[in-house]
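Structure, as C-alpha cells:
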There are 2 protein chains.
Amino acid sequence: MATLKDVAKLAGVSVSTASYSINGSNLITEETKSKVLHAAKEIGYRPNGLAKNLKEQKTNIIGLFLSGFTGPFFNDMMEGIQDVVMKMGYEMVVCASVDKHRLLVERYVDGAIILNYHMDDELLGSLASEKLPIVVLDRNFKNPFIKNILLPNQLGSALSVRHLIEKGHTRIGYIAGSEESYDGESRLKGFLSELQNHGVAFLDTDLIRADFTELSGYLEMSRFLNRQNNDLPSAMVCANDEMAMGTARAIQETGLQIPGDIALVGFDDIYVSKYFTPSLSTIEVPRKQWGTLAATTLFKMLDGQLDFEPEPLTVKLKVRNSS
Amino acid sequence: MATLKDVAKLAGVSVSTASYSINGSNLITEETKSKVLHAAKEIGYRPNGLAKNLKEQKTNIIGLFLSGFTGPFFNDMMEGIQDVVMKMGYEMVVCASVDKHRLLVERYVDGAIILNYHMDDELLGSLASEKLPIVVLDRNFKNPFIKNILLPNQLGSALSVRHLIEKGHTRIGYIAGSEESYDGESRLKGFLSELQNHGVAFLDTDLIRADFTELSGYLEMSRFLNRQNNDLPSAMVCANDEMAMGTARAIQETGLQIPGDIALVGFDDIYVSKYFTPSLSTIEVPRKQWGTLAATTLFKMLDGQLDFEPEPLTVKLKVRNSS
DNA sequence: AAATATGTTGTAAACGATTTCATTAAAATT
DNA sequence: AATTTTAATGAAATCGTTTACAACATATTT
C-alpha cells in the first residue's frame with residue numbers, strides 16, 4: 001500500500017512537504033502542491049488513519065455501544081446520533097460488544113454513548129475522562145465525565161395509570177421486564193407510586209415478571225390467566241409494547257376481549273403498535289431525539305463543558321383501541 | 001494516559017519485556033511477568049489500539065457500511081454478521097456513511113460489507129484488495145476481491161406471481177420502488193418475466209412507481225385508483241412490504257376489500273407484516289442468514305480463499321390473509 | 001575448566017503519519 | 001554589495017506499540 005513516503009519520492013520532495021501539500025497548507029507553492037497531488041493520485045495514495053490518529057492522539061470517532069442489534073428500538077436513535085455526529089465532522093461507529101469492548105478500551109473512540117448492560121459501572125468509571133467523555137442511556141451513574149440521558153419512565157407509567165383510572169379501572173395488573181433493567185424497574189416504580197397517589201390498591205399477585213420479549217409476555221400472561229382462573233384485573237400495564245403484544249395474544253386465546261374484558265397499555269410506541277389488532281395504547285418515547293440529545297451532550301463534554309444538566313426528555317400517552 | 005513505557009519504568013524492565021509480558025509470551029519468567037502485570041494494573045494501563053494496529057498492519061475490525069439506519073430491515077442482518085465476526089475474534093463496526101467513508105478509505109477495517117448506494121462501484125473497486133476484501137449486498141459487481149451476496153429477488157417475485165395465478169388472477173398490477181435500487185429492479189424483472197412464462201399479459205398502465213416507503217405506496221396507489229376509475233387489476237404485487245401497507249391503506253380508503261376486490265402480496269416479510277390487518281402475504285427473506293453468509297464469505301476471503309462462489313440464499317412465499 | 005547450549009532481558013528499528021525547527025534560496029532593504 | 005527579511009522546503013523527533021536481534025547470565029556438556 002502506498003504511503004506518504006512513496007508519494008514524496010515520486011514527487012521528488014520530502015515527506016513533510018508531501019504531508020503539508022496533501023493537507024492543503026499554504027506554506028507550499030501551488031506548483032509543488034500540484035506535483036504532490038498528482039503523484040498521490042497516480043499511485044493511489046490513501047492516508048493511513050491509524051498513523052494519523054496515533055500522531056494526533058485523536059480519532060474523531062464516536063462510538064455507540066449496544067448490547068445487541070435486535071429490538072425495534074434502536075434504529076431511530078442511531079439516526080439521531082448519526083445526524084449530530086456527522087454534522088460535527090466526526091464518524092460514528094456502532095458496536096455490539098459483550099466482553100472486551102475493545103474499541104472503547106483501546107481508545108479507538110473520542111467519546112462514547114452507552115446502552116449496554118454488559119458494561120458495568122466500574123468499567124465505565126475507570127474509562128471516562130476529560131479526553132474520553134461518556135454518555136449513558138441505561139442507568140443512573142454520576143461521574144464528572146459521565147452524563148446520563150434517561151427517559152422519564154416513571155412519568156410514562158404514571159400517564160398510563162392515570163388514563164386507566166380515568167376510564168374507571170380499579171384493579172390494574174402489571175407485566176414487568178427483567179429486574180436488571182434500569183428502565184424496566186423505573187417503569188414499575190412509576191406505576192406503583194401513581195397507583196398509590198390515586199389511592200388504588202395493588203395486589204402483589206397481579207405483578208407478572210417477563211423479560212421484555214413478545215414470547216415471554218405471552219407465556220407469562222397465559223400462566224397468569226390459568227392461575228387466576230377468573231379473578232382478573234380489568235386492565236394491564238406492560239413495561240414495553242412487545243410484551244403487551246404477547247399479553248394480548250394470550251388474552252385473546254382465552255376468548256376474552258380487549259379492551260372489553262381487559263384493557264392494555266404498553267410502553268415505547270414501537271412501529272408495529274399502531275398496526276396491531278387492536279391497535280395498542282402506549283407511551284410514545286422520542287427515540288430520535290434521545291439520540292440527538294445524547295450526541296449533543298457528548299459533544300458539549302468534548303468541548304470541555306462538563307458542568308451542565310442535559311435538558312429532560314418527554315413522553316406522551318397515545319390512546320388507541322386497546323384501552 | 002499511561003503507556004507501555006510507563007509500565008516498564010515502574011516495573012523496572014525494558015519496554016520490550018513489558019510488551020512480551022503483557023502479551024503473555026513464554027520468553028519471560030513468571031516473576032518478571034507478574035511484576036509487569038502488577039505495574040500495569042497499578043497505573044491503569046490500557047493498550048493503544050491505534051499504535052498496535054499500525055505496527056501490526058491489521059485492525060481485526062470488520063466494517064458494515066450502510067446508507068442509514070432506518071428501515072425495519074437491518075437489525076437481523078447486523079445480528080447475523082455480528083455473530084460470525086465475534087466468533088472469529090474480530091470486532092464489527094456499523095457505519096452509516098454518506099460521503100467520505102473514512103473508516104473504509106483510511107484503513108480502519110480489515111474487511112467490509114457494503115449495503116450503501118452512496119458508495120459507487122469505482123470507489124469499491126479501487127479499495128478492494130487482497131488485504132481488504134469486500135462483500136457487497138446491494139449490487140452485482142464482479143471483482144477478484146469483491147463478492148456479491150444477493151437475494152434471489154427474481155425467484156421471489158416469481159413465487160408471488162405463481163401464487164396469484166393459481167388463485168385465478170389474470171390481471172396483476174405492480175408497485176415498484178425507485179429505479180436505482182438493484183433489488184427493486186430485479187424484483188420487477190422477475191415479476192414481468194414470470195407473467196410472461198405463464199402467458200399472462202401485463203398492462204403497462206398497471207405499473208406504479210413509488211419509492212419503497214409506506215407513504216409513497218399510499219400516495220401512488222391513491223392516484224392510481226383515481227386514474228383508473230373502476231378498471232382495476234384483481235391483484236397487486238409490491239416490491240416491498242412497506243409499500244404494500246401503504247397500498248392497502250389506499251385501497252381500503254376507497255371502500256374496496258382486500259383480498260376480495262384486490263389481493264396483495266408484498267416482499268421482505270418485515271416484522272409488522274403478520275400483525276397488519278389484513279395480515280400480509282409476502283416473500284420471506286432470510287435476513288439473519290444473509291448477514292452470516294456475508295460475514296463467512298468475507299472471512300474466507302480474508303483467509304486468502306478468493307476463488308469460490310458463496311452458496312445462494314433462498315426465499316419463501318408466506319401466504320396470509322391479503323391474498 | 002573451557003566450551004557450548006539455554007534462557008532471559010534489553011536495544012533499536014520499524015509502522016505511517018504530523019509538526020517543530022533548521023536550512024536554504026530568493027526578495028527586499030539598507 | 002552587504003545585510004536583513006521572507007518564503008519554501010527538508011531533517012528529524014514524535015505518537016505507542018511489536019519484534020528481530022544482540023547481549024548477557026546461567027546451566028549443561030565436554
Side-chain angles (χ1 to χ4, degrees), chain A residues 1-37 39-40 43-61 102-110 129 131-132, chain B residues 1-37 39-40 43-61 100 102-103 105-110 129 131-132:
Chain A
M1 188 62 234
T3 74
L4 202 52
K5 206 165 147 189
D6 303 323
V7 174
K9 194 187 292 173
L10 180 59
V13 299
S14 73
V15 181
S16 58
T17 303
S19 173
Y20 283 130
S21 303
I22 284 181
N23 293 315
S25 158
N26 56 1
L27 287 175
I28 310 290
T29 351
E30 283 307 324
E31 196 193 331
T32 327
K33 242 186 234 179
S34 92
K35 222 169 35 182
V36 172
L37 261 25
I43 57 178
Y45 169 74
R46 283 179 291 131
N48 182 314
L50 301 175
K52 185 169 170 164
N53 295 159
L54 171 60
K55 174 61 188 174
E56 292 177 340
Q57 299 282 75
K58 190 165 186 338
T59 64
N60 285 297
I61 298 175
R102 184 158 69 90
L103 268 67
L104 180 58
V105 173
E106 298 190 359
R107 285 171 285 162
Y108 271 87
V109 298
D110 287 347
S129 73
K131 303 281 290 176
L132 179 57
Chain B
M1 187 65 233
T3 74
L4 203 52
K5 206 163 147 190
D6 302 322
V7 175
K9 193 187 293 173
L10 180 58
V13 299
S14 75
V15 181
S16 61
T17 303
S19 173
Y20 284 129
S21 303
I22 283 180
N23 294 315
S25 158
N26 55 1
L27 287 176
I28 309 291
T29 351
E30 283 307 323
E31 195 193 330
T32 327
K33 241 185 234 177
S34 93
K35 221 168 40 182
V36 172
L37 261 27
I43 57 177
Y45 169 73
R46 284 180 290 130
N48 182 313
L50 300 176
K52 187 169 170 165
N53 296 158
L54 171 59
K55 175 61 189 174
E56 292 177 340
Q57 299 282 77
K58 189 165 185 339
T59 63
N60 285 297
I61 299 175
K100 321 191 54 180
R102 184 158 70 90
L103 268 67
V105 172
E106 298 190 359
R107 283 170 287 160
Y108 270 88
V109 299
D110 287 348
S129 72
K131 303 281 292 175
L132 179 56

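The sequence lines fix the lettering, A, B, ..., with proteins before strands; numbering per chain opens at 1.
- Look at CG on Asp6(A): it is 9 Å from P on dA17(C), rounded to the nearest Å.
- Contact annotation: Thr3(A) side-chain N/O to dG16(C) OP1/OP2 distance is not under 4.0 Å.
- One interatomic measurement links the two molecules: CZ of Arg46(B) to C1' of dT17(D), which rounds to 15 Å at whole-angstrom precision.
- When each of dA13(C), dG16(C), dT9(C) is scored by its nearest atom to the side-chain atoms of Gln57(B), the top-ranked nucleotide is dG16(C).
- Side-chain contact between Val109(A) and Leu104(A) is present, with heavy atoms from C-beta onward closer than 4.5 Å.
- Residues Ile61(B) and Asp110(B) have side chains not in contact (no heavy-atom distance under 4.5 Å, counting atoms from C-beta outward).
- Closest to the side chain of Val13(A), from the set dA17(C), dA8(D), dG10(D), is dG10(D).
- Taking every heavy atom of residues 17-29 of chain B and every atom of DNA chain C, pairs under 4.0 Å involve Thr17(B), Leu27(B), Ile28(B), Thr29(B), by number.
- Whole-Å rounding puts the Lys58(A) NZ to dT14(D) C1' distance at 19 Å.
- The closest side-chain donor-acceptor pair between Ser19(B) and Ser16(B), if any, does not fall under 3.5 angstrom.
- If you take CG of Leu4(B) and P of dT14(D), they are 18 Å apart, rounded to a whole angstrom.
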Run the side-chain contact (heavy atoms from CB on, under 4.5 Å) test on Asn48(B) and Thr3(B) for me, step by step, so that the C-alpha distance in whole Å, both residues' side-chain angles and the decisive distance to 0.1 Å come before the verdict. CA-CA 8 Å; Asn48(B) 182 313; Thr3(B) 74; over 6 Å; no
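- Nearer the 5' end of DNA chain C, as judged by each residue's closest nucleotide, is the contact made by Gly12(B), out of Gly12(B) and Leu54(B).
- Exactly one residue among Thr17(A), Ile22(A), Asn23(A) makes a side-chain contact (heavy atoms from CB on, under 4.5 Å) with Ile28(A). That residue is Thr17(A).
- Among the atoms of the strands shown, base atoms are found under 4.0 Å from some heavy atom of Ser16(A).
- Across dG10(C), dG16(C), dT17(D), the shortest atom-to-atom separation from the side chain of Asn48(A) is found for dG16(C).
- Contact of the Arg46(A) side chain with the Arg107(B) side chain is registered, since non-hydrogen atoms from C-beta on lie closer than 4.5 Å.
- Residue Met1(B) contributes atom CE, which lies 14 Å from atom C1' of dT17(D) at whole-angstrom precision.
- Residues Lys35(A) and Glu56(B) both approach DNA chain D. Their nearest nucleotides, taken by heavy-atom distance, put Lys35(A) toward the 5′ side.
- Distance, Lys55(B) NZ to dT18(D) C1': 5 Å, rounded to whole Å.
- Here the P atom of nucleotide dG16(D) and the CZ atom of Arg107(A) are 8 Å apart, to the nearest Å.
- Lys9(B) is not listed as a side-chain neighbour of Lys5(B), based on a closest heavy-atom distance of 4.5 Å or more.
- Look at OH on Tyr45(B): it is 3 Å from P on dT17(D), rounded to the nearest Å.
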